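Only one structure is covered here, and it is reproduced in the block below.
The analysis underlying the following values was restricted to heavy atoms, covering all of them including side chains, and did not include hydrogens, waters or symmetry mates. Counting starts at 1 for both ligands and their atoms, in listed order. A quick note: this is a predicted structure, and the numbers were derived from the prediction, not measured.
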Amino acid sequence: MKKHYFNIMSLLLSLLISFGAYAQTNRLIVNADQGSVKINKHIYGHFAEHLGRNIYGGIWVGPDSSVPNEAGYRKDVMQALINLEIPNLRWPGGCFADEYHWMDGIGDPKERPKMVNTHWGGVTEDNSFGTHEFLNYCKKIGTEPYITANVGSGTIEEMSKWIEYINFDGVSPMAELRRKNGQEEPWNVQYWGVGNENWGCGGNMTAEYYANEYRRYATYCRNYGKNRLYKIAGGANSVDYNWTEVLMKNIPLHMMDGLSVHYYTVTGNWQNKTSATQFDKEMYLTTLRKADFIDELIQKHATIMDQYDPQKKVGMIVDEWGTWYDVEPGTNPGFLYQQNTMRDAHVAAISLNIFNKHADRVQMANLAQTVNVLQAVILTNENDMILTPTYHVFDLYKPHKEATLLSHQLVSEQVSYGKEKMDALHVSSSKSDDGTVNISIANIHPDKKISLDIDVRGMDAKSATAQIVTGPAIDAYNTFEKKDVVKKSEFKDFKLNKGKLTINLPANSVVMVRVK
Ligand code: AHR
């Protein structure tokens, strides 16, 4: 009887162990021969508002500054953005856009009227960075401009003249004015936002009212020459699905190319946000879970869009996303200056993986914001500059741009602290035009190295290379004293054997593996 009991117990135990081991086996299958949707490079877009030290001090220091500059643009930031190959840059806001009057920002800088930036710190805006400075910057860094026009406090005439000023090649009052201000050729700007957050800082409108306003504004947004405008309607605040429904119902599809949505990852709540650098592991998972929620958010907005636009002609434009914490102690609360840790690197990795996943609908996304504001890719301090962990993830993810999205199946173990529980691994896969398969993997586990078996089906994998972004801890970040605490480097801890790849993902890392 005793022996019998012992046998049953050991059988149960070995079943439990093998089940446990099975559940712990992290596996990924990538279908290299099953893709049809291209990942729009504009998913990797950025956003520079007249806010804090983003434009002034970050991008623009003026030609007389002691900070090394080229015609007023700081050289170090410009080079870093060139290296990042950013596909587009959204400007001038944000909330600032709906109180910006573009004519104040052209002509002799000394003559330009000043204004108060009431949204952001109540500082005086001297309009020294205006249309010419922005568009010439985009040219220099090789990016496409995305301009958001003023609907909240502006007029249709103002917007339509701005388009004429920028895009018209013939003889007209606005084209002549542009030439008088030193720009002969039109810039042919394609991406135009019709207002920003018009449910809030952009005019506190109802969805129905804004939909009508949109139709009026869009009517007078003219195409000049061969340039075709891509008109983006101001979209929903996070989970306001009704906003999307009303706009999709009331705006004819031929009048709208894109519909935006904004989603910020706020770890506490809007009244009580939390520190960018001080957090425990449970709070870390809270942040990442909230970032991961954008998957459900996109899915739900997309389902509504599908009802009115089954052919997916209207792009979903996530033109503001990223983390929003308390400002760094001692800094102006209206300037939204925050540090950026490995936690932010994971937010970026998870979010970009999700945007890729929805590449059939998501045509653009813009990280908020470029320099010194919110989840910035670059921080500056007078003459000095650092690249943040988020910068390195964008750099790592370059191969996904314009690649074909691949389907995959992932089995991931979980990571759990306190009340939070999530998959430890987060993946996206794509195929470049030359046949290289790109697999981005975030191992968000703070302490555990994870071995992942990858089966790249549908190709004869012969070689692989990898790069990694990591740092010593989840709250590690770069400072002006130690600039490379978190960095990108070559990664070699993987084996490719008969087409099967086994990769040992360090704890707290984001890896891009490229298989040929
Ligand atoms: O990115 C900061 C602000 O967040 C933007 O100005 C506004 O559109 C949003 O509420």
Side-chain angles (χ1 to χ4, degrees), residues 45-56 58-59 88-100 115-123 125 129 134 146-154 191-205 210 214 232-240 243 258-271 273 276 290-291 294 297 316-328 331-340 344 347-348 351 364-379 388 390:
H46 293 263
F47 169 35
E49 181 168 12
H50 287 237
L51 195 179
R53 296 186 299 113
N54 196 343
I55 299 290
Y56 299 110
I59 285 173
N88 69 70
L89 189 59
R90 180 175 184 249
W91 174 87
C95 294
F96 181 78
D98 281 280
E99 57 180 354
Y100 180 63
M115 67 179 280
V116 186
N117 190 338
T118 52
H119 276 291
W120 306 119
V123 293
E125 160 69 55
F129 190 92
F134 172 64
Y146 165 17
I147 295 182
T148 301
N150 182 345
V151 169
S153 70
Y191 295 103
W192 287 85
V194 181
N196 168 74
E197 296 196 351
N198 302 91
W199 41 263
C201 64
N204 282 306
M205 302 174 194
Y210 174 73
Y214 177 88
I232 298 167
N237 178 18
S238 182
V239 295
D240 184 357
W243 185 277
L259 173 57
S260 88
V261 59
H262 289 179
Y263 178 72
Y264 283 98
T265 299
V266 179
T267 303
N269 55 52
W270 283 105
Q271 286 68 43
K273 295 189 225 58
K290 287 190 167 191
I294 207 167
L297 182 98
M316 189 187 294
I317 310 293
V318 190
D319 51 12
E320 287 186 28
W321 68 272
T323 52
W324 194 321
Y325 307 113
D326 286 335
V327 297
E328 285 303 299
T331 64
N332 187 330
F335 281 14
L336 311 186
Y337 176 76
Q338 65 189 38
Q339 250 296 356
N340 196 296
D344 297 274
V347 168
S351 306
M364 185 190 281
N366 305 74
L367 176 70
Q369 298 196 9
T370 315
V371 194
N372 294 327
V373 171
L374 299 176
Q375 194 178 344
V377 289
I378 296 169
L379 301 177
T388 66
T390 300

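With a 4.0 Å heavy-atom cut-off, ligand 1 is reached by the side chain of W120 but not by its N, CA, C or O. With a 4.0 Å cut-off on non-hydrogen atoms, H119 does not touch ligand 1 at all. Residue contacts with ligand 1 for F96 are absent, since no atom lies close enough (heavy atoms, distance under 4.0 Å).
Looking at ligand 1, you'll find an N or O of C95 within less than 3.5 Å of one of its N or O atoms. Every N/O-N/O distance between H262 and ligand 1 stays at or above 3.5 Å. Checked by distance only, ligand 1 and W324 stay at 3.5 Å or farther apart across all their nitrogen or oxygen atoms.
Of the protein's non-hydrogen atoms, E49 OE1, 2.7 Å is the one closest to atom 6 (O) of ligand 1. Remark: minimum distance from atom 1 (O) of ligand 1 to any protein heavy atom is reached at Y264 OH, 2.7 Å. From the protein, the heavy atom lying nearest to atom 8 (O) of ligand 1 is E320 OE2, 2.7 Å.
In this structure, R53 forms a cation-pi arrangement with Y337, its terminal cationic atom sitting closer than 6.0 Å to the ring centre and no more than 45° off the ring axis.
Every atom of ligand 1 is numbered from 1 in the order shown, and the set under 4.0 Å from a heavy atom of Q369 is 1 (O), 2 (C). For ligand 1 and E197, the ligand atoms under 4.0 Å from any heavy atom of the residue are 7 (C), 8 (O), 9 (C), 10 (O). Counting atoms of ligand 1 from 1 in the listed order, those under 4.0 Å from a heavy atom of F47 are 1 (O). Listed by number with element, the atoms of ligand 1 under 4.0 Å from a non-hydrogen atom of L374 are 1 (O), 2 (C). Close contacts of ligand 1 with N196, meaning ligand atoms under 4.0 Å from a residue heavy atom, involve 8 (O).
Using modelled atom types, one finds no donor on one side chain facing an acceptor on the other under 3.5 Å when comparing D344 with T390. Judged purely by distance below 3.5 Å, without hydrogens or angles, the side chains of E125 and Y56 pair a donor atom with an acceptor atom.
Take A376 and apply the side chain to side chain contact (heavy atoms under 4.5 Å, CB included) test, not counting sequence neighbours, and it matches L379.
Taken to the nearest 0.5 Å, the OG1 atom of T323 stands 4.5 Å off from the CD atom of Q338.
With respect to W91, the ring-ring contact (aromatic ring centres under 6.0 Å, His included) criterion is satisfied by exactly one of W192, Y100, Y191, F47: Y100.
By the 4.5 Å heavy-atom criterion applied to side chains, F96 and N54 are not counted as neighbours. Side-chain contact between E320 and N196 is present, with at least one heavy-atom pair separated by less than 4.5 Å. Using a 4.5 Å heavy-atom cutoff, the side chains of F335 and V327 are not in contact.
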